Amino acid sequence: MHRRQFIRTSMTAAAGIGQLSAGSAMEKPKPTLPDPQPGNLPRWRGFNLLEKFVAGTSGPVPEGPYHERDFEWIANWGFNFVRLPMSYRCWAPGDPVRWTELNERVLKEVDRAVKYGRRHGVHTNLNLHRIPGYCVNPPAEPLNLWTDERALEAAVFHWKHLAERYKGRPNREVSFDLINEPANVDEASYVRVIKALVDAIRSVDPDRLIIADGLQYGTQPVYGLTGMNLGQSTRGYMPMNVSHYQASWVPMSSEWPAPAWPTNWMNVTWNANTLRSFAIEPWRKLQEKGVGVHVGEWGCFNRTPHDVALRWMEDQLKLWKEAGWGWSLWNFRGEFGVLNSGRKDVAYQEYKGQQLDEKMLALLQTY
């Protein structure tokens, strides 16, 4: 699954994980959704759902409707958040001349996902993973969002339309995450684009909760946004030799030695303290400016030994719980997830026709 070819940053750590009981996948009481504030985001915990991550593919993440069962299972297991990374090309052509032509059938599938979240007590965060003019994944967009006004006008059009669709929905049910993992753009250009999108959304729905990803693939806080009343989203993929070992879209990853945790990476010894220094403290300083923080993506590819992945995940989770941050695992079903991950060193539990990684699920439920 070619989820991304970039990623230059994230985090890692270690701690022991005990054996899980057979009841680890038992249903948990559904959480009550909190009322979020951009300066103090809830400790939402959940997963990325990929049905509209890319458009027109026949691969492992095909374009198609979201599954209500995912929302049901996520809630039953005690979680309360889904992030929907979406490509605008699922409902509009990639041709700039036709960027404002909308496919209502597909957009109604997004509407239903928001309804599923409401029905099952799960907050739904809408993210444009591919927006007119930018995507972190190939292929490149025909115009550049950071420099071309036509691309910015189209991006404004799409977010304004989504704002109109969900106007009146309370923030505890739905929020917007504007642009996935901006990279190779200076802060001033990024802030200019974000301001245009925020102004468009608030012209329709003044109180909508809006989140902006950090710079450099979501890893660096953006202080230039602190006056806009936004939350910000970070990432949890460092060090890459643990989270993306043998990931086909990451150059040279097939030549890396099998990872351990703690580990050495880029001449740095990575452990829980390293993660705190590199990935927690810079964002804690942003919090002191009145900005809420959430970990929009994180996870470990299925080629990393399972025990190493779980130790690294536990250190991440402990740090985020200590910081009061929520998180959203990439993904729910698939190579990073708790269902159908295809790991060769896991004794899966059959769960309603799916292959469940009980140890990973129980770890996530713990934190």
Side-chain angles (χ1 to χ4, degrees), residues 3-18 45 48 136 181 183 213-221 232-287 293-331 335-338 341 343 345-346 357 359-360 363-364 366-367:
R3 190 175 62 83
R4 59 191 71 232
Q5 74 178 41
F6 63 105
I7 319 183
R8 303 285 186 268
T9 28
S10 289
M11 3 250 128
T12 313
I17 297 171
R45 299 155 59 246
N48 283 261
V136 72
E181 295 177 357
D213 281 11
L215 285 165
Q216 284 305 104
Y217 310 101
T219 64
Q220 295 181 6
Q232 290 192 34
S233 179
T234 185
R235 294 295 180 267
Y237 288 120
M238 284 302 277
M240 293 291 293
N241 68 322
V242 174
S243 67
H244 283 74
Y245 173 60
Q246 294 190 350
S248 61
W249 60 92
V250 178
M252 308 298 290
S253 64
S254 62
E255 301 178 17
W256 296 340
W261 185 254
T263 192
N264 292 311
W265 174 247
M266 303 296 287
N267 298 316
V268 174
T269 298
W270 286 87
N271 53 33
N273 289 331
T274 316
L275 290 176
R276 180 180 285 106
S277 176
F278 277 78
I280 301 295
E281 292 306 324
W283 291 86
R284 297 287 298 256
K285 292 177 181 177
L286 181 72
Q287 279 186 297
V293 176
H294 187 265
V295 184
E297 289 185 23
W298 72 293
C300 195
F301 190 55
N302 65 6
R303 299 300 191 274
T304 296
H306 196 233
D307 63 323
V308 173
L310 294 182
R311 292 200 303 272
W312 173 82
M313 292 175 73
E314 185 167 22
D315 274 358
Q316 297 272 40
L317 289 163
K318 285 180 176 179
L319 288 168
W320 298 332
K321 185 173 184 179
E322 177 184 289
W325 301 348
W327 46 261
S328 182
L329 185 74
W330 188 284
N331 40 16
E335 289 118 318
F336 288 74
V338 296
S341 62
R343 295 181 182 274
D345 56 350
V346 171
D357 183 343
K359 287 188 177 182
M360 184 180 290
L363 175 64
L364 297 173
T366 301
Y367 295 98

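Here the structure is a predicted model, which is why all the values come from computation and not from measurement.
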*asked:* With rounding to the nearest 0.5 angstrom, report the CG to CD distance, Leu364 to Glu314.
replied: 10.5 Å
_Any donor-acceptor pair under 3.5 Å from Ser233 side chain to Gly296 backbone_ = yes
*Kindly indicate whether the side chain of Pro259, heavy atoms from C-beta on, has any atom under 4.5 Å from the side chain of Tyr245.*
yes
_When you compare the side chain of Leu310 with that of Lys359, does any pair of heavy atoms fall below 4.5 Å?_
yes
*Is there a side-chain contact between Arg284 and Trp325 (heavy atoms, below 4.5 Å)?*
yes
*side chain to side chain contact (heavy atoms under 4.5 Å, CB included) between Met266 and Met240, worked out*: CA-CA 10 Å; Met266 303 296 287; Met240 293 291 293; over 6 Å; no
*asked:* If I compare all heavy atoms of Pro282 with all of Ser277, which pair ends up nearest, and what's the gap?
replied: CD-O, 3.5 Å
*asked:* So which atom in Thr274 and which in Val268 form the shortest heavy-atom distance, rounded to 0.1 Å?
replied: CG2-CG1, 3.8 Å
*Say you draw a straight line from CE of Met313 to OG1 of Thr304; how long is it, rounded to the nearest 0.5 Å?*
11.0 Å
_Check: Arg343 and Met360 side chains under 4.5 Å, non-hydrogen atoms_ = yes
*Measuring from Leu286:CG to Gln232:CD, what's the distance to the nearest 0.5 Å?*
4.5 Å
_Exercise: identify the closest heavy-atom pair between Val293 and Gln287_ = CG2-CG, 3.6 Å
*To the nearest 0.5 Å, how far apart are CG in Leu363 and CZ in Arg311?*
12.5 Å
*Any idea which heavy atoms bring Trp283 and Gly214 closest together, and the distance?*
CH2-CA, 3.9 Å
*Report yes or no: does Asn302 contribute a side-chain atom to a donor-acceptor pair with the main-chain N or O of Ser341 at less than 3.5 Å?*
yes
*Check Ala260 against Thr263 and note the closest heavy-atom contact, atom names and distance.*
O-CB, 3.2 Å
*Say you draw a straight line from NE2 of His306 to SG of Cys300; how long is it, rounded to the nearest 0.5 Å?*
9.0 Å
*asked:* If you take the centroid of each ring, where Trp contributes its six-membered ring, are Phe336 and Trp298 closer together than 6.0 Å?
replied: no
_NZ on Lys321 to OH on Tyr367, rounded to 0.5 Å_ = 7.5 Å
*Establish, yes or no, whether a centroid distance under 6.0 Å links the rings of Trp265 and Trp256.*
yes
*asked:* Looking at every heavy atom in both Asn271 and Asn273, which two are closest together, and how far apart are they?
replied: OD1-N, 2.9 Å
_In the structure I gave you, are the side-chain heavy atoms of Val136 and Tyr217 within less than 4.5 Å of one another anywhere?_
yes
*Is a side-chain N or O of Asn48 found less than 3.5 angstrom from the main chain of Ser328, in a donor-acceptor match?*
yes
*N/O donor-acceptor pair under 3.5 Å between Asp213 side chain and Glu181 backbone*: yes
*asked:* Does this structure show an ion pair linking Glu322 with Arg276, if we count only N-O contacts that are shorter than 4.0 Å?
replied: yes
